[in-house]
2 protein chains.
Amino acid sequence: MNVTIYDVAREANVSMATVSRVVNGNPNVKPATRKKVLNTIERLGYRPNAVARGLASKKTTTVGVIIPDISSIFFSELARGIDDIATMYKYNIILSNSDQNKEKELRLINTMFEKQVDGLIYMGATIGEDHVQQLKTSPVPVALAATIDATETIPSVNIDYEQAAYEATSLLIENGTKHPIYVTGAEDSVVNERKYAGYVKAIKEANKEVNEEYVIKTEFSYESGVDAASKILNITDHPKAVFAATDEIALGVIHGLQDNGINVPEDMEVFGFDNTRLATMVRPTLSTVVQPMYDIGAVAMRLLTKFMNKETVEDQNVVLPHQIVKRNSTKQS
Amino acid sequence: MNVTIYDVAREANVSMATVSRVVNGNPNVKPATRKKVLNTIERLGYRPNAVARGLASKKTTTVGVIIPDISSIFFSELARGIDDIATMYKYNIILSNSDQNKEKELRLINTMFEKQVDGLIYMGATIGEDHVQQLKTSPVPVALAATIDATETIPSVNIDYEQAAYEATSLLIENGTKHPIYVTGAEDSVVNERKYAGYVKAIKEANKEVNEEYVIKTEFSYESGVDAASKILNITDHPKAVFAATDEIALGVIHGLQDNGINVPEDMEVFGFDNTRLATMVRPTLSTVVQPMYDIGAVAMRLLTKFMNKETVEDQNVVLPHQIVKRNSTKQS
DNA sequence: TTGAAAGCGCTAACAT
DNA sequence: ATGTTAGCGCTTTCAA
């Protein structure tokens with residue numbers, strides 16, 4: 001058996017309550033007593049049992065994190081932001097991958113509640129009614145990171161996807177391509193919708209009409225980008241600029257283009273989205289939209305701590321600033 | 001207040017024990033009773049409290065995972081393998097970043113124990129005596145993933161780093177470069193030592209002598225690779241092949257070389273290590289050592305489940321097979 | 001400043 | 001097949 005608070009109390013000739021007080025830094029303990037207790041804690045090698053503490057106090061100092069895929073360069077960066085702030089506020093993180101699978105997402109949320117997390121950070125493209133339902137009846141605070149629910153009723157941290165996509169597309173248009181091609185995933189999410197909306201807005205502003213042939217819906221992967229490049233090259237008289245919904249797609253497009261003897265950006269320009277570390281790990285380096293993944297995670301966690309502390313929060317839906325960074329996959333303008 | 005097992009018992013006219021039995025799938029319950037209980041669980045929206053269960057049963061179905069940096073493409077892949085197998089065995093994961101900081105590592109291990117994890121998976125290059133001490137006196141099973149302690153007394157899952165590095169270097173030598181350059185991090189870890197030993201072995205086999213000028217110790221980052229390329233180019237009459245200790249360094253080297261007008265692999269060859277997703281996301285695609293990160297994580301977790309189940313394990317130090325994959329950053333031989 | 005004692009919600013003998 | 005009853009190790013009133 002392990003040494004318990006009771007053992008310490010007995011050995012130090014004080015009550016459990018006193019030991020508890022010194023362990024928890026309660027100031028109402030005479031220095032001499034504190035010292036005595038601390039000594040026997042040291043001597044016995046006492047280590048508080050967080051589970052027992054959790055049961056008694058109804059706080060686990062643990063937050064749940066549901067993430068689509070931690071091996072994704074995008075989400076792992078977010079997770080890092082979450083964990084750093086969590087650590088700062090003395091929380092630990094239970095991390096689970098959902099693969100954007102609805103059943104699994106719902107099940108995971110429930111598991112997190114069973115484990116009595118003090119709060120939950122949720123990431124996942126498609127938030128249906130059942131998700132919202134389950135999240136809104138949560139016994140603990142919830143925050144969405146880089147995720148938007150249609151009702152916009154759950155606290156969240158994001159950037160202005162529409163505006164960002166609009167700016168990126170506009171830049172390509174200004175650079176001389178009237179109707180850039182858009183390559184994205186065929187995902188049915190609010191974030192994806194907004195990016196598309198921004199693209200459309202820029203196109204309409206310049207051309208009035210959106211040519212569906214120039215919108216390629218595939219998957220959010222490097223390979224899809226490579227494939228998309230071939231498709232693009234097969235379009236007769238294709239536009240000379242491509243806006244990709246993620247950096248990973250953009251990288252694929254660049255390489256797919258290069259594999260076909262096309263020079264980027266001389267022959268064709270490519271613009272990405274996210275500014276993952278990948279963006280500077282290509283030649284030419286990728287012009288892209290800076291989505292501050294780490295910060296989104298960090299701010300989401302910070303927001304959650306406020307809710308957990310029952311602080312009043314001014315704005316539940318945080319919109320972080322984005323940026324446009326021009327590197328070498330687009331022409332200098 | 002939440003609904004407890006006691007409420008369910010009362011409403012269903014059975015004892016807590018019976019409710020506990022149906023919740024835990026104990027077969028010793030009359031089907032009719034089970035159904036009745038299940039109904040009232042449903043009706044009351046009862047959700048078992050895992051913390052209370054943990055206190056009573058001394059099992060939390062949670063394992064700790066200490067990782068240097070989840071945002072690293074290498075470790076996040078490992079983490080994914082861990083979580084998948086954990087999920088398969090009904091465990092959840094408490095994930096914490098250590099940044100390879102000794103103080104933090106030691107503190108995290110302790111926190112994991114306080115939280116009463118049922119097991120611990122540890123990753124981290126430098127395992128000193130205090131780590132070994134703390135890990136060996138662990139109250140729960142521990143497994144190292146892609147990590148080696150000098151005493152080799154803690155269960156672990158790895159590949160044969162020395163052999164892998166030897167093979168990679170030899171391949172470069174066979175391709176015509178008598179003494180390839182080695183670019184690695186200045187990290188003081190067993191894994192790093194072994195890779196270096198493999199490199200040295202191959203060099204000695206071909207030349208008898210190792211030229212220290214051809215060993216560049218920097219950091220494990222893309223940027224370091226880029227910088228290393230310049231250094232290499234500054235070496236008079238430098239070798240025409242580079243073996244990098246990680247893919248990320250290799251990518252940097254390739255781009256640094258290309259930025260200086262060098263063609264890969266025509267002018268210089270580059271070989272990586274790990275086979276992260278990065279390897280196929282460069283042009284030319286990267287020849288590299290396949291270290292099965294996902295599998296290492298998965299096997300480590302599987303190993304841990306065996307220990308947690310008190311199964312007897314034949315070999316505590318698992319060595320997974322590696323592979324050499326030739327892509328386009330080396331010449332066809 | 002300290003102690004006593006009642007839980008927190010559940011599991012696990014032990015009975016029946 | 002089901003119920004009774006101790007705890008699990010800690011926090012938290014409430015008293016003193």
Side-chain angles (χ1 to χ4, degrees), chain A residues 1-38 40-41 44-62 90 110-111 113-118 139-140, chain B residues 1-38 40-41 44-62 90 110-111 113-118 139-140:
Chain A
M1 200 66 277
N2 240 305
V3 16
T4 74
I5 200 173
Y6 178 79
D7 301 320
V8 176
R10 182 170 31 73
E11 291 290 314
N13 291 312
V14 296
S15 69
M16 289 166 53
T18 298
V19 178
S20 176
R21 286 187 187 101
V22 344
V23 168
N24 293 295
N26 184 318
N28 286 359
V29 180
K30 195 161 56 176
T33 313
R34 176 183 309 281
K35 189 161 191 177
K36 183 173 60 175
V37 172
L38 250 16
T40 93
I41 283 180
L44 302 187
Y46 168 69
R47 176 187 290 145
N49 180 325
V51 172
R53 173 182 292 176
L55 182 58
S57 69
K58 300 185 173 307
K59 299 215 160 307
T60 56
T61 60
T62 301
K90 312 280 187 204
N110 198 54
T111 302
F113 293 160
E114 288 189 358
K115 296 242 166 164
Q116 311 297 121
V117 294
D118 293 338
V140 294
Chain B
M1 200 64 278
N2 240 304
V3 14
T4 74
I5 201 174
Y6 178 78
D7 300 320
V8 176
R10 182 168 33 72
E11 291 289 313
N13 290 309
V14 296
S15 71
M16 289 166 56
T18 298
V19 177
S20 176
R21 287 189 187 98
V22 343
V23 168
N24 293 295
N26 184 317
N28 286 358
V29 179
K30 195 161 57 175
T33 313
R34 178 184 307 281
K35 189 162 189 178
K36 183 173 60 176
V37 172
L38 250 17
T40 91
I41 282 179
L44 302 187
Y46 167 69
R47 176 187 290 144
N49 181 324
V51 173
R53 173 182 292 174
L55 183 58
S57 70
K58 300 185 172 305
K59 298 214 160 308
T60 55
T61 62
T62 301
K90 313 281 187 203
N110 197 53
T111 302
F113 292 160
E114 287 190 358
K115 296 243 167 166
Q116 310 297 121
V117 294
D118 293 337
V140 294

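Every chain is numbered from 1, with letters handed out A, B, ... down the list of sequences. Values below: every heavy atom of this structure, side chains too, minus hydrogens, waters and symmetry copies.
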J.: Run the side-chain contact (heavy atoms from CB on, under 4.5 Å) test against A/Arg10 and tell me which residues pass, sequence neighbours left out.
T.: A/Tyr6, A/Asp7

J.: With sequence neighbours left out, write down each residue that passes side chain to side chain donor-acceptor pair (under 3.5 Å) with A/Lys36, or none if nothing qualifies.
T.: none

J.: Could you give the CG-to-P distance, from A/Asn2 to D/dG9, as a whole number of Å?
T.: 8 Å

J.: Rounding to a whole Å, what distance do you find between A/Leu55:CG and C/dC8:P?
T.: 9 Å

J.: Looking at residues at least two apart in the chain, or sitting in another chain, which of them share a side-chain contact (heavy atoms from CB on, under 4.5 Å) with B/Lys59?
T.: B/Ser57, B/Asp118

J.: Can you tell if the side chain of A/Tyr46 reaches within under 4.5 Å of the side chain of A/Val23, non-hydrogen atoms only?
T.: yes

J.: Between C/dT1 atom C1' and A/Lys36 atom NZ, what is the distance in whole Å?
T.: 12 Å

J.: Quick check on C/dC10: is either OP1 or OP2 less than 4.0 Å from any side-chain nitrogen or oxygen of B/Lys58?
T.: no

J.: Check the distance between D/dG9's P and A/Asp7's CG and give it to me in whole angstrom.
T.: 9 Å

J.: With sequence neighbours left out, which residue pairs that include part of residues 13-22 of chain A fulfil the side chain to side chain donor-acceptor pair (under 3.5 Å) condition?
T.: A/Ser15-A/Thr18, A/Ser20-A/Asn24

J.: Could you check how far CD of A/Gln116 sits from C1' of C/dC10, rounded to whole Å?
T.: 11 Å

J.: Let me check the geometry of the helix from C/dT1-D/dA16 to C/dT16-D/dA1. What is the bend angle between the axes at its two ends, five pairs each, to 10°?
T.: 30°

J.: Could you work out, with side-chain contact (heavy atoms from CB on, under 4.5 Å) as the rule, every residue matching B/Leu38, not counting sequence neighbours?
T.: B/Val22, B/Arg34, B/Ile41

J.: Think B/Asn24 has a side-chain N or O under 4.0 angstrom from the OP1 or OP2 of C/dT11?
T.: yes

J.: Under 4.0 Å: is that the gap between some side-chain N or O of A/Tyr6 and OP1 or OP2 of D/dT11?
T.: no

J.: Could you work out, with side chain to side chain donor-acceptor pair (under 3.5 Å) as the rule, every residue matching B/Thr61, not counting sequence neighbours?
T.: A/Lys115

J.: Please report the C-alpha distance between A/Val14 and A/Val37 in whole Å, then the side-chain angles of each, then the deciding distance to 0.1 Å, and finally whether the side-chain contact (heavy atoms from CB on, under 4.5 Å) criterion is met.
T.: CA-CA 8 Å; A/Val14 296; A/Val37 172; 4.0 Å; yes

J.: For the pair made of CZ in A/Arg53 and P in C/dG9, what is the distance, rounded to whole Å?
T.: 18 Å

J.: Please enumerate all residues that pass side chain to side chain donor-acceptor pair (under 3.5 Å) together with A/Thr33, with sequence neighbours excluded.
T.: none

J.: Could you give the NZ-to-P distance, from B/Lys59 to C/dC10, as a whole number of Å?
T.: 19 Å

J.: Would you mind reading off the distance between B/Ile5 atom CD1 and D/dT5 atom P, rounded to a whole angstrom?
T.: 16 Å

J.: Tell me whether A/Thr40 contacts the main-chain N or O of A/Glu11 through its side chain, where contact means a donor paired with an acceptor under 3.5 Å.
T.: no

J.: Taking side-chain contact (heavy atoms from CB on, under 4.5 Å) as the definition, give me every residue that meets it alongside B/Pro139, ordered by chain and number, with sequence neighbours left out.
T.: A/Arg47, B/Phe113

J.: Check DNA chain D against residues 10-21 of chain A and give the residues with a non-hydrogen atom under 4.0 Å, in numerical order.
T.: A/Met16, A/Ala17, A/Ser20

J.: Using heavy atoms and a sub-4.0 Å distance, could you list which residues of residues 25-34 of chain B are near DNA chain C? By number, please.
T.: none

